**Student:** 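The structure is given below, and queries will be raised subsequently.
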Amino acid sequence: MGHASDTVPDVIRPSWEGSEQQKELLSETVAAFQEARRVAQEAENAAWAKAQQARAAGVPDTVICNRAEVTRSTLNRKLGPRPER
């Protein structure tokens, strides 16, 4: 029995050569997405640091998870298992 790739010809896509305006807009678009990802990552890191502080202060994991609307598995993946006291 043949594979679909045996019957479908390969399509060679030409490389894209945009205008200077298109290239500039593309560059600005990529930079905007990179900045948005950087800002989001920093905000998430700050939130997890606060969760770690709450945990260290004795707030139960279940309370952190319920109020922050994160799963227990996510909390444990991000912060590790709760240290024994």
Side-chain angles (χ1 to χ4, degrees):
M1 191 173 216
H3 295 343
S5 62
D6 293 340
T7 59
V8 177
D10 290 331
V11 176
I12 299 173
R13 292 184 173 87
S15 62
W16 178 72
E17 294 293 330
S19 69
E20 288 305 313
Q21 180 187 16
Q22 289 172 323
K23 289 176 185 177
E24 181 65 26
L25 286 169
L26 178 59
S27 178
E28 291 170 4
T29 299
V30 170
F33 276 105
Q34 289 172 335
E35 177 65 8
R37 282 191 293 271
R38 184 191 64 75
V39 168
Q41 187 63 55
E42 287 178 0
E44 183 177 353
N45 290 345
W48 285 114
K50 288 296 183 184
Q52 181 64 47
Q53 289 175 348
R55 187 188 234 192
V59 178
D61 286 358
T62 54
V63 174
I64 295 169
C65 292
N66 288 339
R67 303 271 177 96
E69 299 180 356
V70 297
T71 64
R72 186 82 177 262
S73 61
T74 298
L75 181 114
N76 287 329
R77 187 176 67 251
K78 293 288 190 176
L79 303 181
R82 188 175 193 77
E84 295 298 320
R85 290 186 171 224

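Model, not experiment: these values are computed from the prediction.
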**Student:** Please tabulate, for the side chains in residues 69-80, all donor-acceptor contacts under 3.5 angstrom to protein atoms that are two or more places apart in sequence or on a different chain.
**Tutor:**
residue	atom	partner	partner atom	Å
Thr71	OG1	Ser73	OG	3.2
Thr71	OG1	Thr74	N	3.1
Thr71	OG1	Thr74	OG1	2.8
Asn76	OD1	Arg55	NH2	3.2
Asn76	ND2	Arg72	O	3.4
Lys78	NZ	Glu44	OE2	3.2

**Student:** Which other residues belong to the hydrophobic cluster containing Leu26, where Ile, Leu, Val, Met, Phe, Trp and Tyr are joined when side-chain heavy atoms lie under 4.5 Å apart, directly or via other members?
**Tutor:**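 Trp16, Val30, which link up through side-chain heavy atoms under 4.5 Å apart, make up the rest of the cluster.
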**Student:** Checking Gln21 now: which residues fulfil side-chain contact (heavy atoms from CB on, under 4.5 Å) with it, not counting sequence neighbours?
**Tutor:**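 Scan of Gln21 (side-chain contact (heavy atoms from CB on, under 4.5 Å), adjacent residues dropped) gives Ser19, Leu25.
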**Student:** Applying side chain to side chain donor-acceptor pair (under 3.5 Å), name anything that partners Glu35, two or more places apart in sequence or on another chain.
**Tutor:**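 Scan of Glu35 (side chain to side chain donor-acceptor pair (under 3.5 Å), adjacent residues dropped) gives Arg38.
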**Student:** If you measure from CD on Gln34 to OG1 on Thr29, what distance do you get to the nearest 0.5 Å?
**Tutor:**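 Gln34 atom CD to Thr29 atom OG1 measures 11.0 Å (nearest 0.5 Å).
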**Student:** Apply the hydrophobic cluster definition, ILVMFWY joined by side-chain contacts under 4.5 Å directly or through others, and give me every member besides Val39.
**Tutor:**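 ILVMFWY cluster around Val39 holds nothing else.
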**Student:** Once side-chain contact (heavy atoms from CB on, under 4.5 Å) is applied, do any residues pair with Glu20, and if so which ones, sequence neighbours excluded?
**Tutor:**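 Checked Glu20 against side-chain contact (heavy atoms from CB on, under 4.5 Å); matches are Lys23.
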**Student:** For Glu28, what residues pass the side chain to side chain donor-acceptor pair (under 3.5 Å) criterion, not counting sequence neighbours?
**Tutor:**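 In terms of side chain to side chain donor-acceptor pair (under 3.5 Å), with neighbours along the sequence ignored, Glu28 is linked to no residue.
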